[in-house]
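Shown next, in structure tokens, is the structure this report addresses.
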Amino acid sequence: MEDSADRGVRAFVTDVVQRGGSATPLKGSRAVRVKGVDGRSCVVRVRSTTRGQWMARRQDGTPGSDSTGSSYWVFVDFAGESPEFYMVESDEVESGIASDVELWLAERPGRVPTGSHPIPMSSVAHGHDRWDLLNLNRVRDTLHRKEVSRPRTRPVKAVKPAAEPEFVDPRTAIVSDFGGYRIQARFDPENSNVEITRGPMEGRRFGHPTTAANALAKFVSDDDAEYDGWTFWRLDDPSGDPLGKHLSRSG
């Protein structure tokens with residue numbers, strides 16, 4: 001199932017194209033390079049929600065933390081029948097996060113400025129449909145489709161490539177929704193190891209589901225509570241059964 005982050009990027013790219021521009025998602029990030037109708041381009045970071053507020057990171061308020069070099073953030077709201085878009089300059093978003101984090105740190109000295117940071121509608125409402133900031137048309141052309149021109153070549157006989165064996169990961173696909181993120185992972189029943197495959201701490205490996213759960217909670221929300229990995233994780237399939245319940249049945 002497509003998560004809200006991917007859905008937001010896709011909706012934003014579609015609107016950009018229909019407003020006369022072009023959009024190229026940047027690999028490894030929720031950011032898009034946008035070229036406006038006048039040929040000028042900029043990088044836009046995309047955040048999506050279905051619940052009225054968006055999630056960023058506390059680190060996003062730290063100067064130099066944005067590896068994409070973005071000029072704007074776009075906040076996509078899926079709460080209604082069709083997506084709504086809010087464009088805000090990166091400097092404004094990041095300074096707002098920095099101010100909030102400064103107050104958060106002052107409340108309890110010794111805190112570490114990591115984890116998720118909520119961005120409410122009140123902080124971005126003034127950027128509703130500010131497509132002009134991206135040098136795009138305010139009115140969509142829903143018939144417009146992105147065309148790719150290809151040079152004409154002489155037809156050649158197609159040679160069917162040899163089929164390569166498809167790799168199938170034997171580990172159990174698991175998932176957890178925590179702190180505004182959907183975190184996907186793989187669980188190895190042979191040794192109880194967990195590898196984060198998508199979301200915060202992607203690529204990290206842990207020796208037990210509970211270790212992974214508590215590390216993620218600390219990283220995402222600075223939460224010191226103890227979590228049970230067998231209930232924190234659930235199967236990434238239509239059943240959505242807790243991992244512990246699945247193992248007790250299969251064992």
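Since this is a predicted model, take the numbers as computed values, not measurements.
For the atom pair OG1 of Thr49 and CD of Glu84, the computed distance is 13.5 Å after rounding to the nearest 0.5 Å. Atom-to-atom distance recorded for Ser99:OG and Trp104:CH2 is 15.0 Å, nearest 0.5 angstrom. Between His246 atom NE2 and Ile174 atom CD1 the span is 10.0 Å, to the nearest 0.5 Å. The line from OG1 of Thr197 to CD of Glu202 is 7.0 Å long, rounded to the nearest 0.5 Å. A distance of 15.0 Å separates CG of Asp236 from CZ of Phe187, quoted to the nearest 0.5 Å. For the atom pair CZ of Arg198 and CD of Gln184, the computed distance is 6.0 Å after rounding to the nearest 0.5 Å.
With hydrogens and angles disregarded, a donor-acceptor distance shorter than 3.5 Å links the side chain of Ser65 to the backbone of Gln59. Between the Ser41 side chain and the Lys35 main chain, no donor and acceptor come within less than 3.5 Å of each other. A donor-acceptor pair is defined here as one N or O able to donate and one able to accept, closer than 3.5 Å; no such pair exists between the side chain of Arg19 and the backbone of Leu136. Although no hydrogens or angles enter the test, the distance criterion places no donor-acceptor pair under 3.5 Å between the side chain of Asp241 and the main chain of Lys245. Side chain of Asn137 to main chain of Val139: no donor-acceptor pair is present (N/O by atom type, distance under 3.5 Å, no hydrogens or angles). With hydrogens and angles disregarded, no donor-acceptor distance shorter than 3.5 Å links the side chain of Arg205 to the backbone of Glu195. Of the possible donor and acceptor atoms, none in the side chain of Thr50 sits under 3.5 Å from a partner among the backbone N and O of Phe78. No donor-acceptor pair closer than 3.5 Å links the side chain of Asp60 to the backbone N or O of Glu94.
The shortest distance between side-chain heavy atoms of Leu216 and Tyr227 does not fall below 4.5 Å. Tyr72 places none of its side-chain heavy atoms less than 4.5 Å from the side chain of Val93. Side-chain contact between Met201 and Phe206 is present, with heavy atoms from C-beta onward closer than 4.5 Å. Side-chain contact between Met55 and Pro118 is present, with heavy atoms from C-beta onward closer than 4.5 Å. Within the 4.5 Å cutoff, no side-chain heavy atoms of Val124 are placed close to those of Trp73. Residues Phe232 and Pro209 form no side-chain contact, since every pair of their non-hydrogen atoms from C-beta on lies 4.5 Å or further apart.
The two residues Val43 and Arg33 have their closest heavy-atom pair at CG2-NH2, 3.5 Å. Considering every non-hydrogen atom in both Val32 and Ala23, the closest pair reads CG1-CB, 3.6 Å. Across all non-hydrogen atoms, the minimal contact from Gly207 to Asn193 is CA-OD1, 3.4 Å. For the residue pair Gly8 and Val76, the shortest heavy atom distance occurs at O-CG2, 4.0 Å. The two residues Ser22 and Val16 make their nearest non-hydrogen contact at O-CG1, 3.6 Å. Contact record, Thr210 with Gly229: OG1-N, 2.9 Å, taken as the closest heavy-atom pair.
Of the candidates Phe12, Trp54, Phe85, Phe75 forms a side chain to side chain contact (heavy atoms under 4.5 Å, CB included) with just one, namely Trp54.
Atom CD of Glu190 is surrounded by 12 or fewer heavy atoms from other residues, nucleotides or ligands within 6.0 Å.
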Query raised in the report: Going through the checks in order, is the salt bridge (charged side-chain N to carboxylate O under 4.0 Å, His left out) test met by Asp177 and Arg234?
Result: CA-CA 9 Å; Asp177 291 314; Arg234 65 182 190 278; 2.8 Å; yes
Report task. In sequence, state the C-alpha distance, the side-chain angles, and the governing distance for Arg10 and Asp6, and then conclude on salt bridge (charged side-chain N to carboxylate O under 4.0 Å, His left out). Result -> CA-CA 6 Å; Arg10 183 168 59 84; Asp6 290 338; over 6 Å; no
Requested in this report: For the pair Asp129 and Arg138, evaluate salt bridge (charged side-chain N to carboxylate O under 4.0 Å, His left out) and give the outcome as yes or no after the intermediate values.
Outcome: CA-CA 8 Å; Asp129 277 348; Arg138 293 190 63 84; 5.5 Å; no
Query - side-chain contact (heavy atoms from CB on, under 4.5 Å) assessment of Val88 paired with His126 - result: CA-CA 8 Å; Val88 182; His126 61 285; 4.2 Å; yes
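Residue Val9 is grouped with residue Met87 when hydrophobic side chains (ILVMFWY) are merged at heavy-atom distances under 4.5 angstrom, including chains of intermediate members. Residues Trp233 and Val220 share a single hydrophobic cluster, defined by chaining ILVMFWY side chains whose heavy atoms lie under 4.5 Å apart. Both Val46 and Leu133 belong to a common hydrophobic cluster when Ile, Leu, Val, Met, Phe, Trp and Tyr are linked at side-chain heavy-atom distances under 4.5 angstrom. With hydrophobic clusters built from ILVMFWY side chains whose heavy atoms lie under 4.5 angstrom apart, Leu134 does not share a cluster with Tyr86. Both Leu105 and Ile97 are part of a single hydrophobic cluster, where members link through side-chain heavy atoms under 4.5 Å apart.
Applying the side chain to side chain contact (heavy atoms under 4.5 Å, CB included) test to Arg108 and every residue at least two apart in sequence or in another chain returns Arg111.
A centroid separation of less than 6.0 Å is found between the aromatic rings of His208 and Trp230.
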